[in-house]
Amino acid sequence: MKLKLISLGCLMALAMGQVSAEKTYKYRVNLKDKEGTAFTVDKPQKFLSERALERRKRQNLPIDETDLPVSRVYVKELTGTGAKLITTSKWNNTVVLEVSDTTLMDKVADMSFVTGVKKVWTSPDSIPPRNADRKKDVTNEIEKTDGYYGKALQQIAIHGGDSLHAAGFAGKGMHVAVIDAGFYNVDAIKLFEEMDLLGTRDFVNPASDIYAENGHGMMVLSCMAANAKEAFVGTAPEASFWLLRSEDADTEQPVEEDYWAAAIEFADSVGVDVVNTSLGYHSFDEGFGGYRYRDLDGHTSLMSHSASMAADKGVIVVCSAGNSGRDSWKKMTPPGDSENVLTVGALNKELVNAEFSSIGHTSDGRIKPDVMAIGVGSVVSGRKGNVSKGNGTSFASPIMCGIVACFWQSCPWLTAKEVIKAVQQAGDRVDFPDNIYGYGVPNLWKAYQEQLKNK
């Protein structure tokens, strides 16, 4: 595994404390403005990397007030109450604070620059220990086949991904962020040996070992980054990857949306091109409620609101539709309702909608899911480093995400929104989209050829 070191300057993630025996709580605080921020839009190099600025310039996108970090003056006053700063979101102008004495939040709510306070986390009674001997799980027993992609050929070929690769577009030069729950043993699995790793960040607990956390992100990552010829080659084997953790698999609480917002903003700041997130939330642990159908408007959920802003920053977000198709919820889960993102539903090997795949539309009538990819029997990495299979829109999303990255590599003159539109228009149901298949199965090799004609 090759690791690139990037100077991040002021882009370092804010630290968060470990859960202690004392009961603690986290609150999302909404701020009215950014008065007192130490940054200005005419000096964006102070808070955005050179690569991020180049991406904005290439797409003719402005730097605006939403890009400015939150006010240091406000943060100082908030932490002066005794509350601990956990994270911030510049796009949403919010701060997350942790307290053990909830009466401190009454003082916070009374501050003139605070427009809202909401409890988003209660510390769990216990957290399961991580596996200290995790690498012993890895056997790296890989069965080879005669084909270059191994058993993964179909999930790539139905979108023309193999043709893009053959033409020299396998993701090289594209930066992809994977925002997920953890990347168990990625540092020990040979399927990832050739992966170009840009770095890792844990927004749930920066002190943790991201490779000792949940294995979901490892499986998701493999759909794009695996590069073991004749065993398993993913959809973007030559891309470069950031591994970002925002999902706390020990609980299901609204603060995970705040972690996700911090992660997507970090991805933007370091110049990421495409983000995959196979996460979604429509209900939370007891006491925190959930979302209603009317909330699926792309903005009610903090996570959806952040995702809806990404394309305006020049970043493409690809997300899973959710696996609620056969339960009482049925609809896509936020951020699958977001505007200007590619929400991906799941197909079986016969290219028929998987019955678990969540459906649309959004509450304001937009087509969701946008497109479909294989999510039944998807070829993924197993926890032992073997080639395995998995079911879920969680895997349909990265399969699509990697091919989108390759398509954008082939057409670098396109903006993020133009790529999203091109992917939709490449669907086999573009003339009759619906709330189950969306625009259908896109062929991005044909989309590439169409773009060449119109260039």
Is a salt bridge present between Asp67 and Lys34, judged by a nitrogen-to-oxygen distance below 4.0 Å?
no
With a 4.0 Å cut-off on N to O distance, would you call Arg56 and Asp64 a salt bridge?
no
About how many Å separate CG of Leu191 and CG of Leu221, when rounded to the nearest 0.5 Å?
10.5 Å
Does the pair Asp196 and Lys172 meet the rule for a salt bridge (Lys or Arg N to Asp or Glu O under 4.0 Å), with working shown?
CA-CA 10 Å; Asp196 188 16; Lys172 192 171 183 63; over 6 Å; no
Hits for side-chain contact (heavy atoms from CB on, under 4.5 Å) against His305, two or more places apart or cross-chain, chain-then-number order -> Asn92, His299, Met309
Using 4.0 Å as the upper bound for N to carboxylate O, is an ion pair formed by Asp209 and Arg134?
yes
Would Thr393 and Asn323 satisfy side chain to side chain donor-acceptor pair (under 3.5 Å), going step by step from the backbone distance to the final call?
CA-CA 6 Å; Thr393 59; Asn323 301 322; 3.0 Å; yes
Trp329 vs His282 aromatic rings, parallel, tilted or perpendicular, using cut-offs 30° and 60°?
parallel
Check the pair Val108, Thr81 against side-chain contact (heavy atoms from CB on, under 4.5 Å), reporting the backbone distance first and the verdict last.
CA-CA 8 Å; Val108 167; Thr81 64; 4.2 Å; yes
Ring-face cation of Arg383 near Tyr184 (centre distance under 6.0 Å, axis angle within 45°)
yes
Whether Lys90 and Glu265 form a salt bridge (side-chain N of Lys/Arg under 4.0 Å from carboxylate O of Asp/Glu) is what I want to check.
no
On the 0 to 90° scale, with breaks at 30° and 60°, tag the Phe284-Tyr281 ring pair as parallel, tilted or perpendicular.
parallel
With sequence neighbours excluded, what pairs up with Phe113 under the ring-ring contact (aromatic ring centres under 6.0 Å, His included) test?
Tyr74
Lys/Arg-Asp/Glu bridge criterion (N-O < 4.0 Å) met for Asp258, Arg28
yes
Ion pair check, Asp337 and Arg366, cut-off under 4.0 Å:
no
Before accepting this row, confirm whether a basic side-chain N of the pair Asp273/Arg51 lies closer than 4.0 Å to the acidic partner's carboxylate O.
yes
